[in-house]
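Below is one structure, written out as structure tokens; comments come after it.
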Amino acid sequence: MASNEKTTSATPTQDTPLLGNEQSSQTDITKVADEFSFLAPRDAQILREQVSVPEVHAGFFSMFRYVTPSDTALLIIGSIAGVLEGAAKPLMTVVFGQLTQLFTDYYRYNPYDSQIFFNGTYTDSFFNGTYFNGTAANSSSSWSPFNSTEFGFDYYEDFMSNYISPDEFQRRVNYLVLFFVYIGIADVILSYIMMYIFIDRGEVLSSRIREQYLRATLKQNMGYFDRLGSGEVTTRISSDTLLVQDAMSEKVGFIISNVTTFFGAFVVGFIRSYKLTFIMTSVAAFIIATFFISSGKMTKYYKLALGGVSIGGTLAEEILSSVRIVQAFGIQDRLSIKYDTFLAVSEKYAIKAGLAAGVMTGTMWLGVFSNDSLSFWQGARFLARDELTVGAVISILMVMVQGTYAIANISPHVRSLTNGVAAAGKIFQTIDRQSVIDSSLESGKKLEKVNGDIELRDIRFIYPSRPNVTVLDHYYLKIKAGQTVALVGASGSGKSTIVGLLERFYKPLNGEVLLDGINIEELNVHWLRSQISLVSQEPSLFSCSVFENVAHGLIGTPYEHVSPAEKERLVNEACKQANAMDFINSLPEGINTDVGERGFLMSGGQKQRIAIARAIVGNPKILLLDEATSALDTKSEGVVQEALDRASKNRTTIVIAHRLSTIKDADCIVVMRSGVILEMGTHNELLAKQGSYYELVETQKIHQQKEELIAELQSHTHGTSSTEGSSDSISSVDEKASYDAENEKVASETEQLLGLHKTKTGKSMSSVAIGELEENNAEYGFFETLSFILGLSTPEIRFNLVGGVFSGILGLSYPALGLFYGRCIEAFRSYPQDREFMLREVDVFAGLFFMLACVAFLSAVISLSMFAYAGQKLVRRIRLMTLRQMLRMDIAFFDRDENTTGSLTSTLSRDAQAVDGLSGTTLGQILSSMMIVVSSVTLSVIVSWNLGLVCSATVPIMLFAGFYRFYILAKLNRQNQSSHMASAAYACEASTSIRTVAALTREDDVMQHFKEDLDQLIVHNRPSSHYSAFLYGFAQGMVYFILALSFWYGSRFLRTREYTLFQFYVTVMAVVFGAQSAGIMFSYAPDMGKAYHATQNIKRLLEMVPSIDPWSGEGQAPGEVKGEVEFKNVHFRYPTRPQVPVLRGLNLKIKPGQFVALVGSSGCGKSTTIGLMERFYTPLAGQIYLDGQDITKLNINMYRKNIALVSQEPTLYAGSILENVQLGSSDPVTEEQVIAACKQANIHDFIMSLPDGYQTLCGSKGALLSGGQKQRIAIARALIREPKILLLDEATSALDSESEKIVQAALDAAAKGRTTISIAHRLSTIQKADVIFVFEHGKILEYGTHQELLNNKSKYYELVQMQALEASE
């Protein structure tokens, strides 16, 4: 983006909000309104609509906005299955109550049982324990069991009429137990249907949300992206959509099932006894009220927490995408600390959300056990008054417990729901935003024929992201069809802005942009852009083959759907025209070679030529060249320029250039400054005027003697050369020949030494070696993984221990429940004989139940609060450690396909969040469930060992089903990781290169590939979803099968009076609730699976040790650095492309304080030499020396402190200009030092012209500054380091001639007293170099001073000739 120094007189009421500052990029509309309030209302409205984002208050059902009729039908089926599954639990309580009634009747109405009550006490005489013919043998009892009225009732009528024989008892038990089996089978089937449908539809619907989000992102106007970082897009697609998926998949099924259980409980309760149910409703109302209040708080806090993560994700994306600069300046820790400030915000609100979850869960337990207390206390009174039976009381008690228990089960899943709703709100903000320039709309004219007449009429323009700076003011320009018009001028003069307006990236405040006399705002945006081809200053390639990249230029053209053969012919022809075919043929797979993420496997010149081929392949009507040849060497530039000149014929071409040699043949040259046209005309006309253009040309002349030298050299022949000249020439040639011969010899020897010959597999040994190094996919066992995560949690060990202890206490509440339950059932046995005893017993245990409720409440609140605190600390620590470890890695790590910026940002966001699935509410529930299982089984075995063992033997079956489901989900997560990372990286790549995507009209193409990836993932996941759903259903059904077994097997002991009712019910209640808890524990299997897989990823990453380790304290200190550099027999191949030699025996020596230039064609190894100097890589062979010391033996951090790098593509970070310059120094620097460095870099005056001066925000990746402004700030950042060695990789390529002259003078001054190595294509910047090394094919072809190399009449001489700036004759 371009801007200029002209500022409006008014000042905004607020600082411009900027991504990366403490605000979310989802800017509030009122704040935007304030930001533009100083402008005229119409202007403010135009700017506001380009950046404003609507507030979207998403609800639960809004997540399902993309359902189709078939989805709706499936979700209804799943919901019905969930409702029926939820109804099973209340029905179970009816059977449970009837069995309890049967058991108590069997024990109460037994004429042979001598447990008869005398004044409320037991007398246990079994009459010698022998029964026959209805009489007691050898009985000394003084009473007759028949017709007795001793107890105030008719024994025969009350006992014998209700007498149940042992066989009848067993028959009734068998009959009722079958209902448990039927309910269990139904539950297995219904749970499976519900679970599978919701998992599968959750995957499908979340994919649609991902798709719609990316589609909405790609159609937004560019003003929106000026505030949005591509890291946020990655976070939304990789992390937030997973939260949404989690919230509308199996969690919905759980909630539907449990809500049905809750309401079904009331239905059964009211049928059995409306009085008791009404009384118990008070507890339910209390639980529901707490539930809604707490969940509201949770949603609020999670939404705020997501904001911090999102902005932090954008900063992380910036950092990772510029990792070379980060490592070169040693600012890993400083940027990590900045990232951590956003994590702190997220942590703060996530802890508050965890506290709310703790209070909610604690209240649930308080309600569950209070329900037991109230049920027994009030139920006993109804029983004493003969208003209810024992079976009715137990049914109501059980059903209300199941109801409140269902609400308690919902509470952990509410967190997933609130997270999903909060994430959906942020996603839908983008989806619902109406772009003011929408390329997806079909509306607008499409002209039948385009001539190419362009007119800008009275244009006034301000960038929405910088409303206080006017870029163009009353701008007029008319371009005739077929003309080539060049725009030249200082950085920030508005040249690139004109390109943005023609492409309809922005809206002007005033005036019109006309194409063939029609306002482009009336034209269809997609059609308009398909008529225009753009080659930008920093070309963006996509992560695919060279062929596919070039073929993207055919999208939207008549050639888009031609046959593959015809498409191949067009692409090859375009590559030849762009002078790209030679280097393409030398690539490992030719035109099908992958270019890497953002084209990182290609040199700058190679990328530019591919971009040019892409631009011309579709034969566009209008060609926009924004510094199209800035990254090309002179030879390539000449050939490509010829191709562009040919391509410009019969079409309108607008060229923006700093290198004036490229535009001297233009039909019209427009000289601009501060958004105003200074002069127009042809090259010769403007030179004749001797105005601004003449001054620009003069600054780019090589040397005043150049013209004479070239003339002399052109007339020079071997026959006319002087002896001295010949001698010098021969000497130079001999030296070159000797140098090359030595290189060849050394190269050959080194190849043999290293074994770089081809193996039988056709791969070089280095390729095999590097392949082996990349095999780092260690697998870790469960306990090893658990041990690792506990180790990371060591700082919070006290909180985890306290949480664990109170989770254990909470888990012990169920065995206590079993004991209290058994005593209350035993007390019911005394009814109707001794009602007072029954009431006294029940009152005691009702009080104990309430005490248990209070203990459970405190335990839940404390344990979950502790785990939430420790969990969020862990998540923050993991995110920070992961980023620091990534920044620790050597550059070869980032070159790998799987380690793209998008995938690493996605990993950073997703894996730490997944680990949170084993902390907080989830961890508390899992630990308490484990304690319930262990303690319940233990208690059951102690109370009744044989019944306890049989019942407990079924629990491992359930545990196995749960663990196997956990295993399947963990495996599924591993398989999905690469797919999710690939799709997230693809989306990140598209959003990062949004201008290129928009200019190529690639939106539909991007969406098609993205949708195909997502569809494949859905199909791939379905088998695992089937297994997972079946195992869940099996685990759910097992509860009823265990009940059936318990009552059937236990009835055999009750039938023979081997066990009392107390023993039976303690065992059954303990085991049944233990089994249910096991089922609940594994309802978290998806979270556990994700957490397990994420933990393995994190462990794998943190255990990696790079070969070049900035954390290592090893190595010598360089001492006082003089700056002598030497490369000796250096061979190098990039680890990701081991079959391509880059440096082949490089030898060069640089003396202290020398200014050295490296020149040569693109891809010859110049930038690689700089990379090796920075120790980004280690050579395969040979040594690099600094002051005679091998740099591999030096401490990496101390070594890099002496070096400063200014790269070809300047990288700035979100923050102020002051902060960006300060990053250059490892030591604290004052503002005065920053100002001095900026003055040296010729940027101080521009900075002071901005309203906020040095506090002006740069934007994400410096988006609010022009290329030249960013480059000068990058130079200031390098100079403040006061380096001993200065590395300039095309440091002035983005500067206009005027700025270049001043900056070059500053660099010349800065170079004094230090060694400077400069890569340059523009030879005017290096003519004064002490030594110029000319590279070719990874070796030095020739070297010497400017004059010496001209005398050689070799490669350098050709380059100089091509850059001659002579007026056309």
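Keep in mind that this is a model prediction, so the values were computed, not measured. Along the sequence shown, residues are numbered consecutively beginning with 1.
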So, do D240 and L306 sit near enough that their side-chain heavy atoms are less than 4.5 Å apart? yes

I'd like to know if the side chain of N524 and the backbone of L441 have a donor-acceptor N/O pair within less than 3.5 Å. yes

Return yes if some donor-acceptor pair links the side-chain N/O of S52 with the main-chain N/O of R48 below 3.5 Å, else return no. yes

What distance do E1003 atom CD and L214 atom CG have between them, rounded to the nearest 0.5 Å? 10.0 Å

Short question: side chain of T905, backbone of T901 - any donor-acceptor pair under 3.5 Å? yes

Does a side-chain heavy-atom distance below 4.5 Å link Y213 with R210? no

In terms of heavy-atom contacts, does NZ of K1011 have more than 12 from other residues, nucleotides or ligands at under 6.0 Å? no

Below 4.5 Å, heavy atoms only, C-beta onward: do T996 and R614 meet side chain to side chain? yes

Please determine, by modelled atom types, if D71 and T68 share a side-chain donor-acceptor pair under 3.5 angstrom. yes

One thing to verify: whether D432 and R65 come together as a salt bridge, which I'm taking to mean a side-chain N less than 4.0 angstrom from a carboxylate O. yes

Rounding to 0.5 Å, atoms CE (M298) and CG (L417) come to a distance of 9.5 Å

More than 12 heavy atoms of other groups within 6.0 Å of E1012 CD: yes

Backbone N/O of E503 and side chain of R529: donor-acceptor pair under 3.5 Å: yes

Parallel, tilted or perpendicular, judged at 30° and 60°: which one describes the rings of Y506 and Y463? perpendicular

Give the intermediate values and the outcome of side-chain contact (heavy atoms from CB on, under 4.5 Å) for residues I431 and Y66. CA-CA 12 Å; I431 292 176; Y66 298 114; 3.1 Å; yes

Enter the distance from W527:CH2 to S439:OG here, rounded to the nearest 0.5 Å. 15.0 Å

So F542 and D1005, do their side chains get closer than 4.5 Å, heavy atoms only? no

Check the angle between the aromatic planes of Y349 and Y301 and answer parallel, tilted or perpendicular using the 30° and 60° thresholds. parallel

CG of N1021 to CG of D200, rounded to nearest 0.5 Å, is 9.0 Å

Specify the closest pair of heavy atoms between G82 and I256, including all atoms of both residues, with the distance to one decimal. C-CG2, 4.0 Å

Assess whether side chain to side chain donor-acceptor pair (under 3.5 Å) is satisfied between Y1213 and S322, documenting all intermediate values. CA-CA 9 Å; Y1213 301 98; S322 60; 2.7 Å; yes

As an exercise, state the distance from CG of L904 to CG of L908, rounded to the nearest 0.5 Å. 8.5 Å

Does V915 form a side-chain contact (heavy atoms from CB on, under 4.5 Å) with L874? I'd like the steps, not just the answer. CA-CA 9 Å; V915 172; L874 176 64; 3.9 Å; yes

Hey, does F64 have a side-chain heavy atom less than 4.5 Å from the side chain of R201? no

Is the side chain of Q50 donor-acceptor paired with the backbone N or O of I46 at a distance under 3.5 Å, no angle test? yes

Report yes if some heavy atom in the side chain of S530 is under 4.5 Å from a heavy atom in the side chain of I555; otherwise report no. no

Hey, is the main chain of E203 close enough, under 3.5 Å, to the side chain of S206 for a donor-acceptor pair? yes

Taking the side chain as everything from C-beta on, heavy atoms only, tell me whether L243 gets closer than 4.5 Å to Y302. no

Are the side chains of Y196 and S1028 in touch, meaning some heavy atoms are under 4.5 Å apart? no

Please check if the side chain of Q220 supplies one atom and the backbone of A216 the other of a donor-acceptor pair under 3.5 Å. yes

T72 OG1 to I77 CD1 distance, which is reported to the nearest 0.5 Å: 11.0 Å

Step by step, work out the side-chain contact (heavy atoms from CB on, under 4.5 Å) result for L1101 and M886. CA-CA 8 Å; L1101 176 65; M886 286 175 180; 4.1 Å; yes

The test is side-chain contact (heavy atoms from CB on, under 4.5 Å); show your working for F60 and I255 and say whether it passes. CA-CA 12 Å; F60 171 73; I255 290 171; over 6 Å; no

Is N221 reaching over with its side chain to a backbone N or O of F505, donor-acceptor style, under 3.5 angstrom? no

